[in-house]
Colleague: 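After the structure tokens below, expect a handful of questions from me.
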Number of protein chains: 2
Amino acid sequence: MTGSNIRRSMPLFPIGPVMQLTELSARQIRYYEEHQLISPARSEGNRRLFSLNDIDKLLEIKDLIDQGINMAGIKQLLFVKNQEVIASDGKPQKSERELSNDEIRRHLRKEIVQAGRFNQHAASQGNITRLFH
Amino acid sequence: MTGSNIRRSMPLFPIGPVMQLTELSARQIRYYEEHQLISPARSEGNRRLFSLNDIDKLLEIKDLIDQGINMAGIKQLLFVKNQEVIASDGKPQKSERELSNDEIRRHLRKEIVQAGRFNQHAASQGNITRLFH
DNA sequence: AATGTATGTTAGGTTTTCTAACATGGTATT
DNA sequence: AATACCATGTTAGAAAACCTAACATACATT
């Protein structure tokens, strides 16, 4: 798990902004979660919290929906794509252990404090992620 | 106003995640707004919406507070720093006209759709912004 | 002792999000 | 044509998050 992956998987956004960014309805987003296309984190009070990764995925889903693909198909496609990423990554990412929100935030704080380094880039990352420079 | 500036000024985060990212209390954040150190956007229902720029600024403020500088001083420092950015930017950014949320989101959508380009970078941007890759 | 500054705390109200249920317009199937 | 299924809309009631405004407090300055 690289630093950038951690950043991209930080649960930050409540559903409102995600709706606007993706132009999906709350109903749609929840339905996709119900069918396990995404798994946003939850706040203490049970509100969904989306990461940049989640938002990227939602935009992909939207695309696939537009192409007439149904839930099952999209689920498979997202799964396959994820496999590819893991494969091309070199390391099979062991069991991709879960980081707690607190761990993620601690990591984040460290990176903020240690400011000044230049940015590094994975060549192919999707959609939303690219927006934050 | 460059594309990246637009991205960095998108009002996305409600106060909750901002509190966690900055480790500031809601009271502090609102107090800084009251003293015009930041000017987060508002949702239709009057909730504060912070941009990456706002979060960066809050982290700077936190730093300056730690150095014992008071509101007035911080305000000046932020102002001066902003002047510098504008100056080194080349263009004095006319009157930096306000973009509506909708304009920003339209722009955002365009950038998302037109995927694939490589990332570009301004060499010196602060803090949080760097986290989103 | 009195004032000022930055922040904490509380109260009451509004917005946002939650789940669950029912409704609806297409498509596919019988 | 009737039925079933899929993706989404809509509604209701409850809970969480956020809002402003006011008062409280700790510390520094006068």
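Proteins get letters first, then strands, A, B, ... in listed order; numbering begins at 1 in each. Side chains included, hydrogens not; waters and symmetry mates left out as well; all remaining heavy atoms used.
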Colleague: For the pair made of CD in B:Glu33 and P in C:dA6, what is the distance, rounded to whole Å?
Modeller: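 Taking atom P of C:dA6 as the reference, CD of B:Glu33 is at 16 Å.
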
Colleague: Checking A:Lys62 against A:Gln28 for the side-chain contact (heavy atoms from CB on, under 4.5 Å) test, could you report, in this order, the C-alpha distance in whole Å, the side-chain angles of both residues, the deciding distance, and whether it holds?
Modeller: CA-CA 10 Å; A:Lys62 204 184 173 191; A:Gln28 287 177 294; over 6 Å; no

Colleague: Using atom CG of A:Leu49 as one end and atom C1' of C:dT17 as the other, report the distance to the nearest whole Å.
Modeller: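 A:Leu49 atom CG is separated from C:dT17 atom C1' by 11 Å.
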
Colleague: Does B:Ser51 offer a backbone N or O that forms a donor-acceptor pair with the side chain of B:Asp54 under 3.5 Å?
Modeller: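 At least one qualifying donor-acceptor pair exists.
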
Colleague: Without swapping roles, check the side chain of A:Asp56 against the backbone of A:Asn53 for a donor-acceptor pair under 3.5 Å.
Modeller: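 Side chain of A:Asp56 to backbone of A:Asn53: no pair is present.
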
Colleague: Could you list, one pair per line, each protein nitrogen or oxygen that sits under 3.5 Å from a nitrogen or oxygen of nucleotides 24-26 of chain C, together with the distance?
Modeller:
none

Colleague: CD of A:Gln67 versus C1' of D:dA7: gap in Å, rounded?
Modeller: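 Nearest whole value for this atom pair: 17 Å.
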
Colleague: Does the side chain of A:Ile15 come within less than 4.5 Å of A:Arg47's, by heavy atoms?
Modeller: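 No; the side chains remain at least 4.5 Å from each other.
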
Colleague: For a side-chain contact (heavy atoms from CB on, under 4.5 Å) check, start with the C-alpha distance between B:Leu12 and A:Leu21, then their side-chain angles and the critical distance, and finish with the verdict.
Modeller: CA-CA 9 Å; B:Leu12 289 177; A:Leu21 285 173; 3.7 Å; yes

Colleague: Look at the side-chain N and O atoms of B:Tyr31 and state whether any lies under 4.0 Å from the OP1 or OP2 oxygen of C:dT7.
Modeller: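 False: B:Tyr31 side-chain N/O out of range (4.0 Å or more) of C:dT7 OP1/OP2.
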
Colleague: Over how many whole Å does the gap from B:Leu24 atom CG to C:dT7 atom C1' extend?
Modeller: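 Rounding to the nearest Å, CG of B:Leu24 and C1' of C:dT7 are 11 Å apart.
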
Colleague: Which atom pair, heavy atoms only, marks the closest approach of A:Pro14 to A:Leu49?
Modeller: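 Reported closest heavy-atom pair: N-CD2, 4.1 Å.
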
Colleague: Report yes if some heavy atom in the side chain of B:Thr22 is under 4.5 Å from a heavy atom in the side chain of B:Ile61; otherwise report no.
Modeller: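 No - every pair of side-chain heavy atoms lies 4.5 Å or more apart.
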
Colleague: Set out, in order, the CA-CA distance, both residues' side-chain angles and the distance that settles side-chain contact (heavy atoms from CB on, under 4.5 Å) for B:Met71 and B:Ile65, then state yes or no.
Modeller: CA-CA 8 Å; B:Met71 294 298 108; B:Ile65 293 267; 3.6 Å; yes

Colleague: Tell me the interatomic distance from B:His35, atom NE2, to C:dT7, atom C1', rounded to whole angstroms.
Modeller: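 Rounding to the nearest Å, NE2 of B:His35 and C1' of C:dT7 are 11 Å apart.
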
Colleague: Quick check on D:dA7: is either OP1 or OP2 less than 4.0 Å from any side-chain nitrogen or oxygen of A:Tyr32?
Modeller: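 Answer no for this pair, as no side-chain N or O of A:Tyr32 is under 4.0 Å from OP1 or OP2.
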
Colleague: Contact between A:Ile74 and A:Tyr32 at the side-chain level, heavy atoms closer than 4.5 Å - yes or no?
Modeller: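 In short, these two side chains do not touch, never coming nearer than 4.5 Å.
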
Colleague: For nucleotides 9-12 of chain D, which of its nitrogen or oxygen atoms have a protein nitrogen or oxygen under 3.5 Å away, and what is each distance?
Modeller:
residue: D:dG9; atom: OP2; partner: A:Ser25; partner atom: OG; Å: 2.5
residue: D:dG9; atom: N7; partner: A:Arg27; partner atom: NE; Å: 3.2
residue: D:dG9; atom: O6; partner: A:Arg27; partner atom: NE; Å: 3.2
residue: D:dG9; atom: O6; partner: A:Arg27; partner atom: NH2; Å: 2.9
residue: D:dT10; atom: O4; partner: A:Arg27; partner atom: NE; Å: 3.4

Colleague: Can you pull every protein N or O that's under 3.5 Å from an N or O on nucleotides 14-16 of chain C?
Modeller:
residue: C:dT14; atom: O2; partner: B:Arg47; partner atom: NH2; Å: 2.9
residue: C:dT15; atom: O4'; partner: B:Arg47; partner atom: NH2; Å: 3.4
residue: C:dT15; atom: O2; partner: B:Arg47; partner atom: NH1; Å: 3.4
residue: C:dT16; atom: OP1; partner: B:Ser43; partner atom: OG; Å: 3.1
residue: C:dT16; atom: OP1; partner: B:Gly45; partner atom: N; Å: 3.4

Colleague: Nearest whole Å is fine: how far is D:dC6 C1' from A:Glu34 CD?
Modeller: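 Result: 12 Å.
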
Colleague: Rounding to a whole Å, what distance do you find between A:Leu64:CG and D:dA7:C1'?
Modeller: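 Result: 15 Å.
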
Colleague: As a quick check of understanding, evaluate side-chain contact (heavy atoms from CB on, under 4.5 Å) for B:Ile38 and B:Leu78, giving each step before the final call.
Modeller: CA-CA 10 Å; B:Ile38 52 172; B:Leu78 291 180; 5.9 Å; no

Colleague: What is the distance from CG of B:Asn70 to P of C:dT7, rounded to the nearest Å?
Modeller: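 So the CG-P distance, B:Asn70 to C:dT7, works out to 11 Å.
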
Colleague: Could you check which of C:dT7, C:dT19, D:dT20 has an atom nearest any side-chain atom of A:Arg48?
Modeller: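 In terms of side-chain proximity for A:Arg48, the closest of C:dT7, C:dT19, D:dT20 is C:dT19.
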
Colleague: Exactly one of B:Lys75, B:Arg42, B:Lys57 should register a salt bridge (charged side-chain N to carboxylate O under 4.0 Å, His left out) with B:Glu33. Which one does?
Modeller: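 Running salt bridge (charged side-chain N to carboxylate O under 4.0 Å, His left out) over B:Lys75, B:Arg42, B:Lys57 with B:Glu33 returns exactly one hit, B:Arg42.
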
